[in-house]
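For reference, the structure discussed in these notes is given below.
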Amino acid sequence: MSNTAISPAAMHAVLRQLPLMSGRIVDDTRHEKVLSYMRLFLASPGAIARLGEWEAVRVLGDCLRQSSDHRVAAVAVRFLGDCIAVPEAGRAVWRCVADEQPDGAILRWIVENADSQHALLRFSCLYFVRMAAAGGYAEEEKEAAGGTLLERLDYRRYVVRRLLDSGSYFVVEEACRLLGVLVYRGGRLDPVVCELVRALVDRPFAQQSTGRKLAVLAAVSALFCGTAGRRAVHCLGLRLLPLDRLALYLVDSDRLIRDRALDVLENTLRLTADAGCGPAVGRILAALAGSAEAGAKVRAVTVLRIMAAVVKEAPSNTRLADTGACIRGRASAFVGTAISLLCLAHGLEAEAGAGPHSPDDELHLFLFSLIDPSAASGRPGATADAAAGGGGSARGLRNAVLIEAARIVREYCRAGFDSDTVLVLSRLLEHKGVQANAQLLQLVLDAAVGALRLARHSADLGIAHLLELPAIISNFAIRAPGLKTLFELAHEVIEAKDSYDRGLFARFCAALFRSVRARLVDVEWEARDTALEFVSAVVRGQGWAGARCLVCPFAGDARDSLIADAVRALDDPEEYVRASGAQVLATIVDKAQDDRHAVCTIVGHARLDRVGLASLLNDSEAFVKRAALDLVCTIGRTLALSPSSSYYDGSREWLHCLDYPRLYQLADDPDFEVRVRCASLLALLLHCWLLRVDDPHSDVRVLEGLQPGSLLIDMCGDSSRYVRRVCLDRLSDMKQGLDSHFSKHPNGGEEEEAEAAVDGDCSASNSSCVSKRRQTAGRDRKAVFYQKLCAIDFARLKGSLTAEHLYQEALDTQVERELMDESEAPNEGNNILDCY
């Protein structure tokens with residue numbers, strides 16, 4: 001059983017206590033957590049059979065009849081829906097719900113509460129009906145109950161009522177899912193459902209309320225999202241709300257309605273194979289450009305979003321390949337218009353190949369007049385549009401146009417690449433006007449990254465087009481979120497180094513290295529942190545080998561420079577940067593074990609002496625201590641355990657930075673991640689002691705003074721099971737090794753001691769005798785430690801690591817005695833979630 005599963009005993013306890021959940025619980029999310037735990041159990045093998053043994057349907061029915069808290073009833077109803085949706089086994093639950101309950105009490109309760117005043121109950125009833133309809137149970141005739149579940153609900157009106165539900169967005173969404181299930185059943189479209197949707201849509205637009213408009217758009221969207229009978233259902237949606245009629249919703253005064261209508265438009269463009277769709281889009285855009293019914297900002301934003309929808313969906317619809325200029329031609333023209341708008345607003349000249357202007361002169365003039373009124377002084381209505389937004393409104397209108405134009409370019413760059421567009425985007429990123437607008441800057445950056453990513457995946461384009469990437473990284477106006485995206489792309493390029501020309505890749509790496517070092521001194525700490533994380537990721541993925549650029553992009557003198565930058569980061573005033581600097585150094589030491597120069601540069605650095613390492617371990621921030629422990633552990637493994645460890649024998653700073661009080665504090669740190677790493681460090685120290693305990697000239701005394709064995713054994717009782725797991729795994733491995741050793745030497749070295757006494761006159765070689773006595777004492781200490789390991793009950797301790805054990809332990813110690821006691825205090829009482 002996995003650690004995320006719920007054991008049968010724990011599930012049975014939750015089920016028994018569900019009807020008794022206190023109504024005074026204030027936090028509604030606790031009920032949702034109960035449902036999530038029950039669903040976890042439902043995913044386990046044989047769950048339905050166990051629920052049958054526990055009479056779960058009867059218990060859940062008690063929740064509906066007895067509980068005064070509608071939240072408990074909602075949990076019970078949705079869990080019943082989940083049970084009947086289980087393939088094959090769900091029918092047994094449905095049979096119990098419909099037949100074995102007296103008078104079909106559960107189904108009657110669902111019918112009675114389908115229109116409850118509580119939105120949560122309305123949602124839960126819809127959910128149950130959808131699960132029943134999807135399984136084919138909702139249409140089964142039950143004479144005693146007065147018809148099928150759908151008939152008793154009068155589902156024709158029921159679905160419409162829920163689509164018009166103004167009390168909850170989630171109820172409307174669930175009604176849409178139910179509509180998608182009901183519209184296509186038995187291998188054909190349900191004529192009743194088709195008629196009710198048609199009646200909903202056919203009401204004249206002027207007579208539709210806001211709620212009805214949203215219901216119309218939600219119903220059509222549900223048809224587009226349907227999976228059963230996909231082609232027939234999609235065609236039904238296209239017939240019910242053609243593009244010419246959808247235009248009325250696109251210019252509605254309510255922004256939410258306009259947004260939903262744009263979603264429907266995107267689905268229409270994605271699904272249609274009709275070449276006439278292109279002219280219909282053109283008519284909508286022309287009507288919007290020349291209309292005076294809506295404000296200039298609404299019309300402009302709507303026009304540009306329609307253009308973005310066309311650009312977004314044209315490449316993904318393979319059926320549009322032969323429709324010529326209708327869709328694909330318009331999409332290309334729209335991109336050119338958007339680029340020209342951005343260039344005009346910032347005084348730049350668009351590249352010749354960046355895309356043609358829109359062939360729709362009226363549309364072109366309308367958009368350009370919003371950026372520069374002189375560009376369309378002769379257009380009818382241009383003066384009115386300019387006057388409609390004076391001062392601050394004009395600036396807001398101009399900004400909205402530029403944002404939407406940038407979205408169009410972004411959608412294009414996700415599917416197409418041309419070098420002229422990338423050059424324009426690079427110039428825009430350097431423009432102060434773009435840099436002053438954070439949203440516009442991010443959109444332009446997303447477009448540039450999308451285009452460059454396509455260039456990376458194209459074998460024909462090669463790496464020449466990616467040389468713009470280091471220059472963009474050097475742009476200090478791009479903050480940490482955008483910088484992270486750029487570094488991710490750079491990492492992808494490095495991963496695919498073998499597919500590029502060596503000379504161009506060397507140029508790319510040199511430029512990238514300069515850009516990374518520049519961002520390491522950025523005034524924004526997030527940028528410095530992101531650059532360090534990138535260095536660590538590259539070293540981790542590519543290694544730290546030699547001076548060949550194609551093996552690792554950071555080569556030659558660059559190695560020492562990056563090491564110096566990482567060491568400098570250890571003194572950064574921002575704790576995240578200090579942690580990242582330590583992590584970079586740990587990664588380099590781990591990956592550069594064959595590069596003795598790099599390791600010696602780090603280990604021998606003055607900042608990484610015993611005082612410097614101790615200051616990192618004593619940092620006030622937990623994540624710095626985590627990285628510091630990783631660094632000390634990595635240095636320790638490299639210097640003490642690696643095959644080339646003899647080369648570094650002179651360095652003991654990593655060991656001398658430790659003392660018992662410091663290790664004790666780390667083992668008791670409030671952060672469990674620090675304790676996990678401390679356990680790993682203690683295991684390393686203990687391993688070093690076991691290897692050197694017989695060597696009188698080693699650091700045995702220092703290691704014994706740290707008492708790693710005692711601390712590691714004590715940590716087996718840590719409150720975190722993750723810490724306990726690390727401790728038990730390390731000790732278990734050591735015990736296996738010592739088992740093998742002492743099985744070969746059952747007397748613990750007594751025979752060797754006797755032989756040493758007979759070897760000769762100790763007075764003749766006093767130092768040799770002392771050495772042998774120390775070896776004997778070391779073997780004795782090893783035997784004592786082995787006896788401590790043998791006294792540990794590993795099987796019992798490892799049994800406490802599973803989630804099931806923790807859950808059952810909580811049930812045994814808390815639920816029966818404490819949680820079942822009622823309390824007058826709010827949010828207290830028999831809350832079954834407290835056991836988690």
Side-chain angles (χ1 to χ4, degrees), residues 163-166 169 172-173 176 200-225 237-238 240-272 277 280-313 330-331 334 337-338 341 360 362-363 366-367 370 381 384-385 388-389 393 396-408 410-411 439-440 443:
L163 286 172
L164 294 169
D165 198 310
S166 60
Y169 166 79
V172 175
E173 287 294 300
C176 290
L200 183 69
V201 174
D202 282 348
R203 177 175 291 190
F205 181 81
Q207 300 178 16
Q208 293 182 12
S209 64
T210 299
R212 192 175 188 90
K213 292 174 186 176
L214 291 173
V216 167
L217 296 171
V220 175
S221 296
L223 298 179
F224 285 145
C225 296
L238 295 172
L240 290 176
L241 194 63
L243 282 179
D244 290 326
R245 186 167 183 191
L246 180 62
L248 299 173
Y249 296 88
L250 289 168
V251 292
D252 192 88
S253 59
D254 191 307
R255 181 175 179 177
L256 180 59
I257 292 174
R258 297 198 303 271
D259 290 342
R260 297 288 177 82
L262 284 166
D263 292 339
V264 174
L265 175 64
E266 287 188 5
N267 283 321
T268 302
L269 295 172
R270 175 171 53 87
L271 298 170
T272 185
C277 181
V281 172
R283 289 194 300 272
I284 293 175
L285 293 174
L288 287 170
S291 173
E293 296 181 0
K297 183 174 182 179
V298 171
R299 286 185 288 130
V301 170
T302 303
V303 164
L304 289 164
R305 287 188 176 181
I306 293 173
M307 294 165 63
V310 172
V311 172
K312 177 181 178 180
E313 299 301 336
R330 284 186 181 276
F334 291 163
T337 298
L341 284 170
D360 303 308
E362 179 67 20
L363 176 63
F366 165 66
L367 293 174
L370 301 177
D385 286 340
S393 298
L397 173 60
R398 183 175 182 273
N399 182 65
V401 170
L402 294 178
I403 293 297
E404 297 304 328
R407 284 199 175 101
I408 293 174
R410 182 186 64 179
E411 296 299 338
Q439 187 178 8
L440 181 60
L443 287 168

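The basis for the numbers below is simple: all heavy atoms, side chains too, and nothing from hydrogens, waters or symmetry mates. Values in this document were obtained by computation on a predicted structure and should not be read as measured data.
The nearest pair of heavy atoms linking Arg245 to Phe205 is NH2-N, 4.4 Å. Nearest heavy-atom pair, Ala219 versus Leu200, reported as atom, atom and distance to 0.1 Å: CB-CD2, 4.1 Å. Closest approach of Ser221 and Val264 over heavy atoms only: OG-CG2, 3.5 Å. Nearest heavy atom pair, residue Ala308 against residue Glu411, reads O-CG, 4.3 Å. Contact detail for Leu164 and Ala215: the closest heavy-atom pair is CD2-CB, 3.5 Å.
Residue pairs meeting the side-chain hydrogen bond (donor to acceptor under 3.5 Å, both in side chains) criterion with at least one member in residues 202-211, sequence neighbours excluded: Gln208-Tyr249.
Shown here are the salt bridge (Lys or Arg N to Asp or Glu O under 4.0 Å) partners of Lys213, two or more places apart in sequence or in another chain: Asp252. Evaluation of the side chain to side chain donor-acceptor pair (under 3.5 Å) rule for Arg407 yields Glu404 as partners, not counting sequence neighbours. Residues that satisfy the side chain to side chain donor-acceptor pair (under 3.5 Å) test with Asp254, not counting sequence neighbours, are absent from this structure. By the side-chain contact (heavy atoms from CB on, under 4.5 Å) test, Arg260 pairs with Tyr169, Leu214, Leu217, Leu256, Asp263, sequence neighbours left out. With sequence neighbours excluded, the residues that form a side-chain contact (heavy atoms from CB on, under 4.5 Å) with Ala218 are Val172, Cys176.
In this structure, CD1 in Ile408 is found 4.5 Å from CG in Leu304, a value given to the nearest 0.5 Å. Note that CG of Asn267 and CG of Leu223 are 10.5 Å apart. Values are rounded to the nearest 0.5 Å. Annotation: the span from Phe334 atom CZ to Leu285 atom CG amounts to 5.0 Å, rounded to 0.5 Å. The CZ atom of Arg410 lies 10.0 Å from the CD1 atom of Ile403; values are rounded to the nearest 0.5 Å. Atom CG of Leu397 is separated from atom NZ of Lys297 by 7.5 Å, given to the nearest 0.5 angstrom.
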### Message
One pair to check against side-chain contact (heavy atoms from CB on, under 4.5 Å): Arg305 and Leu250. What are the steps and the verdict?
### Response
CA-CA 10 Å; Arg305 287 188 176 181; Leu250 289 168; over 6 Å; no
### Query
When you look at Arg258 and Val298, which way does the side-chain contact (heavy atoms from CB on, under 4.5 Å) test go after all the steps?
CA-CA 9 Å; Arg258 297 198 303 271; Val298 171; 3.9 Å; yes
### Message
Pair Arg398, Leu370 - check side-chain contact (heavy atoms from CB on, under 4.5 Å), show working.
### Response
CA-CA 6 Å; Arg398 183 175 182 273; Leu370 301 177; over 6 Å; no
### Message
For Arg212 and Leu163: C-alpha separation, side-chain torsions, deciding distance, then whether side-chain contact (heavy atoms from CB on, under 4.5 Å) applies.
### Response
CA-CA 8 Å; Arg212 192 175 188 90; Leu163 286 172; over 6 Å; no
